[in-house]
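The structure appears right after this line, and notes come after that.
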Amino acid sequence: MGTGPPAFTEVDNPASFADSLFVRKILTAAILGILLINVMRCIIRSNQWRSEEQLFRSALSVCPLNAKVHYNVGKNLADKGNQTAAIKYYREAVRLNPKYVHAMNNLGNILKERNELREAEELLSLAVQIQPDFAAAWMNLGIVQNSLRRFEEAEQSYWTAIKHRKIYPDCYYNLGRLYADLNRHIDALNAWRNATVLKPEHSLAWNNMIILLDNTGNLAQAEAVGKEALELIPNDHSLMFSLANVLGKSQKYKESEALFLKAIKANPNAASYHGNLAVLYHRWGNLDLAKKHYEVSLKLDPTAPGTRENYNLLKRKLEQLQKKSNV
Ligand SMILES: *[C@@H]1O[C@H](CO)[C@@H](O)[C@H](O)[C@H]1NC(C)=O
Ligand SMILES: *[C@@H]1O[C@H](CO)[C@@H](O)[C@H](O)[C@H]1NC(C)=O
């Protein structure tokens, strides 16, 4: 205790000096006591703060009317995948603070994932009304409007999001999906291209470009884009798979096989990888290997569309060959 409280500065008065000594003793004891209590509280606290969740829960009991605390508990639950509980806390956060745009955005997102689109749209519309430059909320609103098949509004929302956040690869990706839904293929390709310009490892955007070009019969372009993508992200097995499909259709069997095998090595349990490799062998005339990979594929996913039919087709062919060789 270097300096006492200002009340004890009148030291030239003896009576008051004696008094102050006595009061000082009491004060010192009190301060020591408070210190001790604080140390103990701190120990309890640090136990409470072992996990983020406990921290937020203890905050909740201290300040139950604080929207930010409810938001944090909700976010923590959502990060752990507990959506039902997260919704409850986000709702409370919005109730306590009706202008809480981040709580609205997160709540809207969860509701969107649970296909509660009407309420999701309401919340996200309100969020961007309150904060018109909230890019993420605009993008999420676009996704909801897209799901509600209100395509023009969705497009507007995506562009508004991009206006407010220049580097927004996911938004270009979603814009591309919207254009693809509308069969605006060139626009879709441009949007996905933009996504990959901003984020070269945007695997989903690359994949969609390859698949769209493949589905529309632009095999050469699909191949070029696939190779460009694999240069940038060489270990991405979904890209290997998409490009392998393109190469198979272009009858580049050897190259296609190598890529299928590489994709399977990276991701051995994808039924479609084995199924499509089987189709490649089937077309190529390598029937034993085709049989083997159809069987692996059916084991991984007995309901894979088309695979059972292809497999039965192959078995009939093998039986016929058997008969011929027996004759
Ligand atoms: C979700 O969180 C709530 C509240 O904390 C809890 O009661 C419930 O058991 C959790 N549910 C799951 C599936 O973890
Ligand atoms: C792609 O980006 C360019 C350059 O920023 C922009 O002019 C164009 O409108 C964008 N197109 C799409 C479909 O995203």
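As the structure is a computational prediction, the values presented were derived from the model and not from experiment. For ligands, and for the atoms within them, numbers begin at 1 and follow the listed sequence.
Contacts of ligand 1 (protein heavy-atom distance under 4.0 Å) are Arg57, Leu77, Asn82, Ala85.
Judged purely by atom type and a 3.5 angstrom limit, Ser297 uses its side chain to pair as donor or acceptor with the backbone of Ala271.
Near Tyr172, the atoms of ligand 2 lying under 4.0 angstrom from a non-hydrogen atom of the residue are 14 (O). The contact set between ligand 2 and Asp187, taken as ligand atoms under 4.0 Å from a residue heavy atom, comprises 13 (C).
Defined by atom type and a distance below 3.5 Å, a donor-acceptor pair is present between the side-chain atoms of Asn106 and Tyr71. Looking only at atom types and distance, the side chain of Lys315 has no donor-acceptor partner in the side chain of Asn312 under 3.5 Å away.
Residues forming a side chain to side chain contact (heavy atoms under 4.5 Å, CB included) with Ala161 (at least two apart in sequence, or on another chain): Trp138, Met139, Tyr168, Cys171. In terms of the side chain to side chain contact (heavy atoms under 4.5 Å, CB included) criterion, Gln156 has no residue partners (sequence neighbours excluded).
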Please output the side-chain donor-acceptor pairs of residues 277-287 that fall under 3.5 Å, not counting sequence neighbours, one pair per line with the distance.
residue	atom	partner	partner atom	Å
Tyr281	OH	Glu257	OE2	2.6
His282	ND1	Tyr294	OH	2.9

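Between atom OH of residue Tyr158 and atom CG of residue Asp170 there is a gap of 11.0 Å, rounded to the nearest 0.5 Å.
Hydrophobic cluster membership is shared by Leu204 and Leu212, with clusters built from Ile, Leu, Val, Met, Phe, Trp and Tyr side chains linked at under 4.5 angstrom.
In Asn194, the part holding a heavy atom less than 4.0 Å from any atom of ligand 2 is the side chain.
Heavy-atom distances between Tyr173 and ligand 2 stay at or above 4.0 Å for every pair.
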